[in-house]
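Note sheet for the following structure.
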Amino acid sequence: MEHYNMNLTLKVWRQKNKNDQGRFETLQAKNISSEMSFLEMFDVVNEELINEGKDPIAFDHDCREGICGMCSMHINGRAHGPWDGTTTCQLHMRAFKDGDTITVEPWRAGAFPVVKDLTVDRSAFDRIIEAGGYISVNTGNAQDANCIPVDKAKADLAFAAAACIGCGACVAACKNSSAMLFVSAKVSQLALLPQGHPEKHSRALNMVAQMDKEGFGSCTNTGACEAECPKEISLTNIARLNREFIGAGFSSEK
């Protein structure tokens with residue numbers, strides 16, 4: 001793979017806080033290696049801004065391995081950038097060419113207010129998980145391995161749903177700012193396993209209620225969430241959530 005350096009023009013959203021109107025600021029990124037990640041490119045730009053006595057660009061990041069779900073940028077109109085199934089931290093600069101102009105924005109959703117620049121508050125997801133994204137277990141010694149039979153097909157589906165990293169790309173990509181793909185993944189990973197059955201009805205009702213309370217929009221099945229999800233979470237999870245929610249509505253358990 002050929003290595004090369006490039007010069008880029010960045011149009012980055014700058015916003016002091018959620019009450020600030022915000023604006024785009026044009027910056028130059030010079031001598032950027034094609035082997036850098038997108039966040040490493042931002043590190044270089046921020047170093048130059050700091051050396052010039054200017055305020056660096058605020059952006060979320062943590063593991064930089066596509067696991068934590070912290071990185072959250074709209075890059076040229078796409079959540080996490082041009083590569084499918086890839087988080088911002090895994091996006092490499094070889095996806096761009098010398099002389100390109102790159103527009104970078106934060107997630108745009110009412111439930112994700114801007115903290116500063118490209119950083120948004122995604123604590124709404126935490127509150128949805130607190131509402132029902134767990135199972136209740138007795139403390140004490142761990143049960144023997146394989147003491148609870150689990151169907152292999154369901155285990156695979158649960159594992160696929162559990163791959164959701166809660167980055168919020170589904171919300172940012174949705175024209176309605178819906179969180180249904182996120183909520184359905186968290187419901188599915190438990191509903192498919194026997195450990196999640198005792199609380200299945202209350203879980204579906206409570207998590208959907210909290211999602212609505214946080215101000216997320218409704219799902220209209222356009223599929224943008226699945227297309228932009230870096231972990232390629234399937235829309236079939238939304239169908240499963242709908243079944244769980246409707247079933248819970250007919251149950252006496254609340």
Side-chain angles (χ1 to χ4, degrees), residues 1-18 20-109 112-122 165-175 177 224-232:
M1 184 178 297
E2 182 183 0
H3 171 269
Y4 56 94
N5 288 346
M6 66 188 86
N7 295 320
L8 303 164
T9 299
L10 304 179
K11 292 185 177 180
V12 182
W13 185 258
R14 305 301 301 268
Q15 186 172 340
K16 293 180 180 180
N17 51 56
K18 66 178 182 180
D20 183 35
Q21 185 175 359
R23 72 196 188 284
F24 279 106
E25 182 177 320
T26 301
L27 301 168
Q28 300 300 316
K30 300 178 180 179
N31 295 320
I32 301 300
S33 168
S34 59
E35 298 308 300
M36 283 183 177
S37 72
F38 200 83
L39 296 189
E40 287 172 334
M41 179 271 293
F42 261 86
D43 291 338
V44 171
V45 172
N46 274 344
E47 285 181 8
E48 293 181 0
L49 290 174
I50 293 171
N51 289 336
E52 295 171 3
K54 298 179 180 178
D55 193 26
I57 303 164
F59 61 93
D60 269 333
H61 63 100
D62 193 356
C63 75
R64 300 200 177 198
E65 295 179 346
I67 299 171
C68 69
M70 287 295 292
C71 54
S72 50
M73 298 181 187
H74 241 121
I75 303 168
N76 285 345
R78 290 194 63 183
H80 290 299
W83 288 354
D84 294 336
T86 304
T87 57
T88 301
C89 62
Q90 293 177 304
L91 176 67
H92 282 73
M93 296 311 297
R94 57 179 176 269
F96 305 96
K97 297 178 294 184
D98 183 41
D100 278 355
T101 297
I102 306 174
T103 302
V104 189
E105 304 172 71
W107 288 164
R108 301 292 190 183
F112 290 160
V114 173
V115 176
K116 184 179 180 182
D117 297 339
L118 304 176
T119 304
V120 298
D121 181 359
R122 286 172 289 179
I165 57 177
C167 65
C170 51
V171 176
C174 178
K175 63 180 182 180
S177 297
C225 54
E226 181 184 37
E228 297 294 78
C229 175
K231 298 304 176 181
E232 300 177 326

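Heavy atoms only: backbone and side chains are in, while hydrogens, waters and symmetry mates are out. Numbers for residues simply follow the sequence, beginning at 1.
- Between C89 and G66, the closest heavy-atom pair is SG-N, 3.3 Å.
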| request: List the steps, then state whether side-chain contact (heavy atoms from CB on, under 4.5 Å) holds for M70 with C63. | output: CA-CA 8 Å; M70 287 295 292; C63 75; over 6 Å; no
| query | Passes side-chain contact (heavy atoms from CB on, under 4.5 Å), F96 versus N76? Steps please. | reply | CA-CA 11 Å; F96 305 96; N76 285 345; 4.0 Å; yes
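- Considering CE of M41 and OG of S34, their distance stands at 13.0 Å, rounded to 0.5 Å.
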| field | Steps toward side-chain contact (heavy atoms from CB on, under 4.5 Å) verdict (L8, M93) | value | CA-CA 10 Å; L8 303 164; M93 296 311 297; 3.4 Å; yes
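- Listed by first and then second residue, the salt bridge (charged side-chain N to carboxylate O under 4.0 Å, His left out) pairs involving residues 97-108 are E105-R108 (not counting sequence neighbours).
- You'll find the side chain of H61 stays beyond 4.5 Å of the side chain of F42, heavy atoms only.
- Atom CD1 in I102 sits 11.0 Å away from atom CE in M73 (nearest 0.5 Å).
- When every heavy atom of Q28 is checked against every heavy atom of E48, the shortest pair comes out as O-OE1, 4.1 Å.
- Inter-residue side-chain proximity for N46 and F59 is flagged as met; some heavy-atom pair is nearer than 4.5 Å.
- No side-chain heavy atom of H74 sits under 4.5 Å from any side-chain heavy atom of W13.
- Note: Q90 CD to L39 CG = 10.5 Å, rounded to the nearest 0.5 Å.
- Nearest heavy atoms, A95 versus W83: CB-NE1, 3.4 Å.
- Residue D60 holds its CG atom at 11.5 Å from SG of C167, rounded to the nearest 0.5 Å.
- Interatomic distance, CD of Q21 versus NZ of K16, reported as 12.0 Å (0.5 Å rounding).
- Under the 4.5 Å side-chain criterion, counting only non-hydrogen atoms from C-beta, N7 is in contact with N31.
- Side-chain N or O atoms of E228 include one that pairs as donor or acceptor with a backbone N or O of A79 at under 3.5 Å.
- Considering only heavy atoms from C-beta on, R122 stays 4.5 Å or farther from V171 through its side chain.
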| query | Which is it for K18 and D121 under the salt bridge (charged side-chain N to carboxylate O under 4.0 Å, His left out) test, yes or no, and what are the steps along the way? | reply | CA-CA 10 Å; K18 66 178 182 180; D121 181 359; over 6 Å; no
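- Between D117 and A58, the shortest heavy-atom distance links the atoms OD2-N, 3.0 Å.
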| request: Could you walk me through whether C71 and H80 pass the side-chain contact (heavy atoms from CB on, under 4.5 Å) test, one step at a time? | output: CA-CA 8 Å; C71 54; H80 290 299; 4.3 Å; yes
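- At a threshold of 4.5 Å between non-hydrogen side-chain atoms, the residues I57 and L27 count as touching.
- The two atoms that bring W107 and A172 nearest to each other are CE3-CB, 3.4 Å, heavy atoms only.
- Atoms CZ and CD, on R94 and E35 in that order, are 5.0 Å from each other to the nearest 0.5 Å.
- Side chains of T88 and P230 form no contact here, defined as non-hydrogen atoms less than 4.5 Å apart.
- Residue V12 is tested with V45, L118, T103 for a side-chain contact (heavy atoms from CB on, under 4.5 Å); the sole match is L118.
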